[in-house]
Number of protein chains: 2
Amino acid sequence: MDQVASCLAALGNVTRLRIYRILVRAGRPGLPVASVQSQLSIPASTLSHHLRKLLEVGLVTQEREGTRLICRADYARMQSTFALFLEECCADEQVAQSHSANDAPCC
Amino acid sequence: MDQVASCLAALGNVTRLRIYRILVRAGRPGLPVASVQSQLSIPASTLSHHLRKLLEVGLVTQEREGTRLICRADYARMQSTFALFLEECCADEQVAQSHSANDAPCC
DNA sequence: CGCTTATTTCGACATTTCTGGAATTACGGT
DNA sequence: ACCGTAATTCCAGAAATGTCGAAATAAGCG
């Protein structure tokens with residue numbers, strides 16, 4: 001629960017969401033930090049702070065490749081972050097006797 | 001983008017995540033505020049603040065039923081919040097010539 | 001109307017977050 | 001060893017967030 005919340009909090013910032021989106025789109029090969037920066041035009045220190053937060057919660061991994069640092073989205077962590085909602089949907093719902101027009105299934 | 005970020009930020013707090021989870025599990029019928037409170041044992045004012053934030057971003061709706069206020073998770077908003085990631089996964093990925101053992105598809 | 005239950009608003013405080021300039025470390029090439 | 005590029009850490013200030021008691025508002029009931 002805490003882990004999910006911290007991941008969501010990490011993504012709940014427009015700048016970090018942009019960063020993460022870029023990495024998600026980049027797929028397995030990932031991207032060097034500088035390449036991410038060039039797509040966002042924000043100061044390097046700001047980017048570094050945000051990347052660190054994404055690293056801390058495990059949504060992103062880094063691997064050094066010579067002078068550059070490759071960032072990749074961790075898809076497993078992404079999956080486990082969102083699974084909570086989709087799996088538990090209406091788990092506690094009481095079955096109603098009569099179904100009205102508004103009773104479309106929620107999931 | 002901003003909307004998605006604000007929804008994720010709203011869920012990126014353990015207390016609000018618990019509240020939202022309870023409502024997601026409750027399904028279409030929803031739950032009155034007091035019922036949510038009894039499952040969390042937090043002060044009413046604190047709960048009210050968090051509920052307001054969930055309302056503001058559209059993740060939760062409220063409807064008065066006599067003296068009680070029924071809260072429901074908005075499943076459409078939940079869907080649109082998470083869709084971004086699953087849909088855009090590796091959209092920008094370059095197709096590699098050779099596939100190594102680590103090249104499992106990410107989505 | 002007055003009472004009770006349900007819920008929100010107000011106010012105030014401590015804590016965390018976001019931002020970015022300046023200095024620092026990391027790495028490879030010459 | 002020195003230089004240039006890549007990236008992080010340090011620092012500091014402004015702004016937002018989380019918490020909750022006390023007071024206020026809303027709705028039904030006798």
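Heavy-atom basis, side chains included; hydrogens, waters and symmetry copies ignored. Letters A, B, ... are given to chains in the order of the sequence lines, protein chains preceding strands, and every chain is numbered from 1.
The CG-C1' distance, from A/Leu47 to D/dT8, rounds to 11 Å in whole Å. One interatomic measurement links the two molecules: CD of B/Glu56 to C1' of D/dA16, which rounds to 13 Å at whole-angstrom precision. Following rounding to the nearest Å, B/Leu40 (CG) and D/dT19 (C1') show an atom-to-atom distance of 15 Å. The CD-P distance, from A/Glu63 to C/dC27, rounds to 13 Å in whole Å. Across the protein-nucleic acid pair, B/Ile42 atom CD1 and D/dC20 atom C1' stand 10 Å apart, rounded to whole Å. Between the C1' atom of D/dA26 and the CG atom of B/Leu69 lies a distance of 10 Å, rounded to the nearest Å. In this structure, the CD1 atom of A/Ile19 is 14 Å from the C1' atom of D/dA7, given to the nearest Å. For the pair B/Leu17 CG and D/dT17 P, the interatomic distance rounds to 17 Å; values are reported in whole Å.
Comment: B/Arg21 engages A/Glu88 in a salt bridge, judged by a side-chain N to carboxylate O separation of less than 4.0 angstrom. Looking at A/Arg72 and A/Glu63, a side-chain N of the basic residue comes within less than 4.0 Å of a carboxylate O on the acidic one, giving a salt bridge.
With values rounded to the nearest 0.5 angstrom, B/Ile70 atom CD1 is found 10.5 Å from B/Leu23 atom CG.
At the phosphate of C/dA6, neither OP1 nor OP2 sits under 4.0 Å from any side-chain N or O atom of B/Thr67. Of the side-chain N and O atoms in A/Arg68, none sit less than 4.0 angstrom from OP1 or OP2 of C/dG28. Neither OP1 nor OP2 of C/dT17 sits under 4.0 Å from any side-chain N or O of A/His50. Dashed line: the shortest gap from a side-chain N or O of A/Arg52 to OP1 or OP2 of D/dA7 is not under 4.0 Å.
A/Gln62 comes within contact range of the sugar-phosphate backbone alone, with a heavy-atom separation under 4.0 Å but no base atom that close. Nucleic acid contact for B/Ala34: sugar-phosphate only, since backbone atoms but no base atoms lie under 4.0 Å from a heavy atom of the residue.
Two residues are said to be in side-chain contact when any heavy atoms from C-beta on lie closer than 4.5 Å; A/Arg28 and B/Cys90 fail this criterion.
The base of C/dG20 is paired with the side chain of A/Ser45 by a donor and an acceptor separated by under 3.5 Å. Remark: the A/His49 side chain and the C/dG20 base include a donor-acceptor N/O pair separated by less than 3.5 Å.
Summarising the geometry of B/Gly58 relative to B/Asp74, their closest heavy-atom pair is O-CB, 3.4 Å, with the distance given to 0.1 Å.
The residue among A/Arg64 and A/Asn13 whose nearest nucleotide of DNA chain C lies closer to the 5′ end is A/Asn13.
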